[in-house]
Amino acid sequence: MKAKMDAMSMLADPLIAGLDDEQHEAVLAPRGPVCVLAGAGTGKTRTITHRIAQLIASGHVAARQVLAVTFTQRAAGAMRSRLRALDAAAPSGSGIGAVQAVTFHAAAHRQLRYFWPRLVGDTRWELMDTKFAVVARAASRTRLNTSTDDVRDLAGEIEWAKASLIGPEQYASAVAAGGRDTPMDAEKIAAVYAAYEALKVRDEDVTLLDFDDLLLHTAAAIENDVAVA
């Protein structure tokens, strides 16, 4: 009888109701690291937002200490909408709607703006909307004749390298070691990559950053500076 009453109570709980067994398990998992492996259309966003709401409502964490990150603006917007709906359904005062739900890049941008003076000093930085023009200039500087498609391919290779934590000096050897199929000679791509990074330093007062740099600089700050972490 008690088990039946407990089950009915959970079904009545808006933070639990409507979840399938696996979602339910993830949402109620003890506080701490949890890895949920799920494919498309399986309710990942639902599970994550309900877990956040459950942790807050049960008093394990404060809403303003939670940062939810995702890849796209659309996904971040969906998370915020779901959290607001759960906030309205939860007991008053839980504050679930105060959770920050943003993209990885937006979160990094905010943190880097705040900590940049501590990390770098007075040198200003500007975020590039797109790297296309600078990559094209870098290709020209290396005397490489490129089409629009070539520049896009070069930009893609630079993005892959930076996501893989590979600098211009290691690019060619990393490509060879991994058997990566490149759109042109790896040494030429490495030269364009190096020129691209050099062109981002406009002068002593301003540095250009691309979206990859937001993540790299923020991650480096967290790893290397205890106060930032």
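This one's a predicted model, so the numbers in the text were calculated from it and none came from an experiment. The basis for the numbers below is simple: all heavy atoms, side chains too, and nothing from hydrogens, waters or symmetry mates. Sequence positions, counted from 1, serve as the residue numbers for this chain.
Residues Ile158 and Phe211 fall into different hydrophobic clusters, defined by Ile, Leu, Val, Met, Phe, Trp and Tyr side chains chained together at heavy-atom separations under 4.5 Å.
Annotation for Arg51 and Pro30: closest pair NH2-O, 3.1 Å, computed over non-hydrogen atoms. The two residues Thr182 and Val175 make their nearest non-hydrogen contact at CG2-CG1, 3.5 Å. Taking each heavy atom of Ala108 and Leu214 in turn, the nearest pair found is CB-O, 3.6 Å. Taking every heavy atom of both residues into account, Ala161 and Tyr193 meet most closely at CB-CE2, 3.6 Å. Contact between Ala101 and Arg80 at its shortest, heavy atoms only, is O-NH1, 2.5 Å. When all heavy atoms of Thr103 and Phe71 are compared, the closest pair comes out as CG2-O, 4.0 Å.
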- [ ] Step by step, work out the side chain to side chain contact (heavy atoms under 4.5 Å, CB included) result for Met184 and Leu154.
- [x] CA-CA 9 Å; Met184 60 185 71; Leu154 287 165; 3.8 Å; yes
TODO: Would you please test Glu25 and Leu19 for side chain to side chain contact (heavy atoms under 4.5 Å, CB included) and show each step?
DONE: CA-CA 9 Å; Glu25 182 182 0; Leu19 300 175; over 6 Å; no
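Exactly one residue among His217, Lys162, Lys131 makes a side-chain hydrogen bond (donor to acceptor under 3.5 Å, both in side chains) with Asp212. That residue is Lys131.
Under the 3.5 Å distance criterion, the side-chain polar atoms of Ser164 are left unmatched by any main-chain donor or acceptor of Ile166. With hydrogens and angles ignored, the 3.5 Å screen pairs a side-chain donor or acceptor of Lys44 with a backbone N or O of Gly39.
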